[in-house]
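The block underneath contains the structure these notes are about, expressed in C-alpha cells.
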Amino acid sequence: MKALRKISIFLLLPLLMGFSYEPDDRDLTRYRPILMKRSDLASSIFMQPPQEFTNPGKIYLYKENIYMVDLFTGIHVIDNQNPADPQKTGFIHLPGVVDLSVKDDVLFADNATDLVSIDINNFPQISIISRVEAVFPEHTPPDLEWIPYQYTSSMRPENTVIVAWVK
C-alpha cells in the first residue's frame, strides 16, 4: 500500500509542476483605474474656474482661504474672509490628489505618486516650485487595500500611473 502511494505521488508531481497560476482578482473590486502617462503628469496641474464638488476630501484652512480636496481631480479654493458667505474662487486641477498641506504660501500635495509644491502667493496665478517623483505608492481601489494583479505596473502600458479609480 505504501509503495502504491509513493508511486502515485511520484507520477502526479510532474503534472502539478506543469501548471502555472496567474491570479485573477477582477471580481474583487468594482473599480477600474484611470491611467495617465507619466510624461503628462508634470503638465497636468493648472488653474480652472470654480467647479462643483464631486467627491470631497480633506479640508485645509490657511489664512483667509479654505482648500478642499476633490478626490483624485483637484483642489477647490474658497475665500473665507466672510465665514457667513464663503465664495469659491478657483479650482486647481491636480490629478491623483488625496491630501494637501500649506506652509508659507506653498501648497504641498500629491499628484498621483509625486509630491508637488505649488506657489500660491499670487493666487489665482500659481506656479510649480518643485516635483519629487515616485514618493508615494500608487492609489489602491477604494474597496481594496492592494492593486489587483491585472492593474499592476507590469500589466499595463509602460510609463503610466494610476490617477483615479472609477466604478
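Atoms considered below: every heavy atom in the structure, side chains included; atoms not considered: hydrogens, waters and symmetry mates. Only a predicted model underlies this, so the values are computations on that prediction, with no experimental measurement involved.
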**Request:** Using a 4.5 Å cut-off on heavy atoms from C-beta on, say whether the side chain of N65 contacts that of D79.
**Result:** yes
**Message:** My understanding is that only one of I120, V77, D119 makes a side chain to side chain contact (heavy atoms under 4.5 Å, CB included) with L107; could you say which?
**Reply:** I120
**Message:** Rounded to the nearest 0.5 Å, what separates atom CD in E64 from atom CD in Q81?
**Reply:** 5.0 Å
**Request:** Determine whether D114 and V161 make a side-chain contact, defined as any pair of heavy atoms from C-beta on separated by less than 4.5 Å.
**Result:** no
**Prompt:** If you measure from CG on N80 to OG1 on T89, what distance do you get to the nearest 0.5 Å?
**Reply:** 10.5 Å
**Asked** Quick one: CD on Q87 to CG on N82, what's the gap to the nearest 0.5 Å?
**Response** 8.5 Å
**Asked** Is it the case that one hydrophobic cluster holds both V116 and L71, taking links as side-chain heavy atoms less than 4.5 Å apart, direct or via other members?
**Response** yes
**Request:** Please step through side chain to side chain contact (heavy atoms under 4.5 Å, CB included) for the pair L100 and L94, ending with a clear verdict.
**Result:** CA-CA 11 Å; L100 77 120; L94 186 62; over 6 Å; no
**Request:** With side chain to side chain contact (heavy atoms under 4.5 Å, CB included) as the test, would you mind laying out the steps for V163 and L41 before giving the verdict?
**Result:** CA-CA 9 Å; V163 295; L41 198 60; 4.1 Å; yes
**Request:** Heavy atoms only: give me the nearest M68-P56 pair and the separation to one decimal.
**Result:** CE-CB, 3.6 Å
**Prompt:** Would you say the side chain of V98 lies within less than 4.5 Å of the side chain of F72, judging by non-hydrogen atoms?
**Reply:** yes
**Asked** With under 30° as parallel and over 60° as perpendicular, where do the rings of F46 and H93 fit, or are they tilted in between?
**Response** parallel
**Message:** Less than 4.5 Å apart, side chain to side chain, heavy atoms only: is that true for E158 and R38?
**Reply:** no
**Closest heavy-atom pair and its distance - A42, R131** = CA-NH2, 3.5 Å
**Message:** Does any part of the side chain of H139, heavy atoms only, come nearer than 4.5 Å to the side chain of D110, both counted from C-beta?
**Reply:** yes
**Asked** Just by modelled atom types, is the V102 backbone N or O under 3.5 Å from a matching donor or acceptor in the Y60 side chain?
**Response** yes
**Message:** Tell me if a side-chain donor or acceptor on S117 pairs with a main-chain N or O of S130 at a distance below 3.5 Å.
**Reply:** yes
**Prompt:** Within the side chain of N159, is there an N or O that forms a donor-acceptor pair under 3.5 Å with the backbone of S39?
**Reply:** no
**Request:** Measure the NZ-OG distance between K37 and S44 for me, rounded to the nearest 0.5 Å.
**Result:** 14.0 Å
**Asked** Going hydrophobic residue to hydrophobic residue with side-chain gaps under 4.5 angstrom, can you get from I45 over to F91?
**Response** no
**Message:** Is there a side chain to side chain contact (heavy atoms under 4.5 Å, CB included) between R156 and I162? Walk through the geometry before answering.
**Reply:** CA-CA 10 Å; R156 61 178 192 247; I162 297 171; 3.5 Å; yes
**Asked** Is there a path from V69 to I34 through hydrophobic residues (I, L, V, M, F, W, Y) whose side chains come within less than 4.5 Å of each other?
**Response** no
**Asked** Taking side chain as C-beta onward, heavy atoms only, is P95 less than 4.5 Å from N111?
**Response** yes
**Request:** List the steps, then state whether side chain to side chain contact (heavy atoms under 4.5 Å, CB included) holds for E145 with T140.
**Result:** CA-CA 6 Å; E145 294 181 7; T140 60; 5.5 Å; no
**Asked** Are I128 and L115 connected, step by step, through hydrophobic side chains (Ile, Leu, Val, Met, Phe, Trp, Tyr) whose heavy atoms are closer than 4.5 Å?
**Response** no
**Request:** Can you measure from CD1 (I75) to CD1 (I92) and round to the nearest 0.5 angstrom?
**Result:** 5.0 Å
**Fill in**
Value for CG (D143) from NZ (K167), rounded to nearest 0.5 Å, stands at 8.0 Å
**Request:** For residues W146 and P141, report the shortest heavy-atom separation together with the two atoms involved.
**Result:** O-CD, 3.3 Å
**Message:** Could you check whether any side-chain heavy atom of Y151 comes within less than 4.5 Å of a side-chain heavy atom of E138, counting everything from C-beta outward?
**Reply:** no
**Message:** Grouping I, L, V, M, F, W and Y whenever their side-chain heavy atoms are under 4.5 Å apart, do F53 and I59 come out in a common cluster?
**Reply:** yes
**Prompt:** Under 4.5 Å between any side-chain heavy atoms of L28 and Y149, yes or no?
**Reply:** no
